[in-house]
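Accompanying notes for the structure given below.
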2 protein chains.
Amino acid sequence: MSQAWHEELQAEVKSGARVGDRDIADKVRRAVLMQRLPPGTKLPEVTLGEVFGVSRSVVRKALTRLASEHVVDQRPNQVARVRAPSIEETRETFAARRLVEGEVVALLAGTLSAETLDALKIQAREETESYRRGDEPARIEHSLNLHHLLAEHSPNRVLGGMLTDLVLRTSIVVALYKRSGLSSCYQEAQHDRLVELLAAGEAEAARGAIHDHLFGLEALLDLSPRESSIDLKSILGQSPAI
Amino acid sequence: MSQAWHEELQAEVKSGARVGDRDIADKVRRAVLMQRLPPGTKLPEVTLGEVFGVSRSVVRKALTRLASEHVVDQRPNQVARVRAPSIEETRETFAARRLVEGEVVALLAGTLSAETLDALKIQAREETESYRRGDEPARIEHSLNLHHLLAEHSPNRVLGGMLTDLVLRTSIVVALYKRSGLSSCYQEAQHDRLVELLAAGEAEAARGAIHDHLFGLEALLDLSPRESSIDLKSILGQSPAI
DNA sequence: CATCCCGACATTGTATACAGAAAATGCCCC
DNA sequence: GGGGCATTTTCTGTATACAATGTCGGGATG
């Protein structure tokens, strides 16, 4: 685990109230999303417990939760590690998300209240602004918020839950496989267009927009088969920092 | 928890080796599927621990696992209970499964090896036989096996995992909402036809077959809105047995 | 008679101790 | 210098004790 992250959290924890497994899971998930915990990073229970000021029981629960969300790899008798989805799994995750999110927006088109549409527009606008400011963390945050809103308002809650999971997983692999030269994966105006189609009730067009959006995002990644660069590292267990 | 189930397990546990959280989750899941643990049944940690001869730690892990599979409802500071999906959730689960399983069989069509096709045919045949024998538990088992095989062989593993979850959830609600007069939800020859289409590589026809199959299954259920019969019981916490 | 309050009990939440498995270390031998 | 083996160290698996919380009853009160 990174040293800076440690200290940052120490302060936050000391000042605040007592933390539960939910809080720990949230913090770790966020850290993975923000690439402060690179794939393969070991997450020993005692260490995390010390950082958050709780015992292993709570940490364990948090790790199990993260494992069920596919954020962390938990194998018997081995330290939990930040998961590093393969290139193949990345492609499959995108395909699954296209299917599910496409259906969700198709169901959603024309059924959204004015308030919800406003909330979506706000996130889209904030995303664009953050991008122009060059504030990438904020941009990601707003982009995630938008898709999360879609999942939450899905008329089909089961699909909504699945979409929440897929959005998280896609975000992780985007962080992982983003081309090194690329500072951002922002795609001009696509979110705005989607919201417009949802407002207009154009179900199939909205599905198409989501498909385009996700294909575009996937195309921005570097998914060329690499020779053991990432894989070996995680397999051989070389963690970049204690 | 039911008394008969207790004793049955006691014997099995005594004779066998040490049990892990995986084993406990398997047994409980199976019991729910077989309707030996009706929805709303309380599952206190100590009781389960005594039954399986392990401490609460292991039981806890098993319950958490089952909760992430949507088999059990685990709320803070409350006893875990067998989940009772609402009628609305049932409909949504079926819709989600149609979407996902339809896509999986479409991807699968024409790509299956002879061995896998044989395995599928065997399950379909065994299901029919079990039905003719009137052996409903065996019939369910083979039906589940068939769909589980589809999920396992999905070229898209992410979708496969989601399908596994959805198959389990549909099985639970089928057990819950099966019309009382109906002894079985067997649908003549539908599985055989599906396998044929998969062998022939007819992707869209296979998707259609799965849709028909699932619509038919859903139609066999009694999903008429009922007045507080199931819902109130589970909400008010009246468990039918100890 | 309904409602509210309070206390005993049941059950989960958390911390901790010890046992066992895996990984890291160091050593020897080649 | 490199590979194999024993040792040590680290970490997880499990059980258990205690704390905190929720549940359910009885009884007083309006």
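Numbers restart at 1 for each chain; the letters A, B, ... are given by sequence-line order, proteins then strands.
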In the 5'-to-3' direction, what one-character label does each nucleotide of nucleotides 5-14 of chain D receive under the scheme B = base within less than 4.0 Å of a protein heavy atom, S = sugar-phosphate only, - = no such atom?
------SBBB

Taking NZ, NE, NH1 and NH2 as the nitrogens, is one of them in Arg83(B) or Glu69(B) under 4.0 Å from a carboxylate oxygen of the other?
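No, this pair does not count.
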
Which is it for Asn156(A) and Val104(A) under the side-chain contact (heavy atoms from CB on, under 4.5 Å) test, yes or no, and what are the steps along the way?
CA-CA 8 Å; Asn156(A) 185 326; Val104(A) 167; over 6 Å; no

How close or far is atom C1' of dT14(C) from atom CZ of Arg22(A), stated in whole angstroms?
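Going from CZ in Arg22(A) over to C1' in dT14(C) covers 18 Å.
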
Can you see which heavy atom on Pro38(A) is nearest to which on Val82(A), and at what distance?
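That closest heavy-atom pairing would be O-CB, 3.7 Å.
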
Report the residue from Glu103(B), Glu218(B), Glu92(B) that forms a salt bridge (Lys or Arg N to Asp or Glu O under 4.0 Å) with Arg98(B).
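When Glu103(B), Glu218(B), Glu92(B) are each tested with Arg98(B), the salt bridge (Lys or Arg N to Asp or Glu O under 4.0 Å) holds only for Glu218(B).
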
What residue among Arg60(A), Lys61(A), Arg65(A) forms side chain to side chain donor-acceptor pair (under 3.5 Å) with Asp21(A)?
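Result: among Arg60(A), Lys61(A), Arg65(A), Arg65(A) is the only option passing the side chain to side chain donor-acceptor pair (under 3.5 Å) with Asp21(A).
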
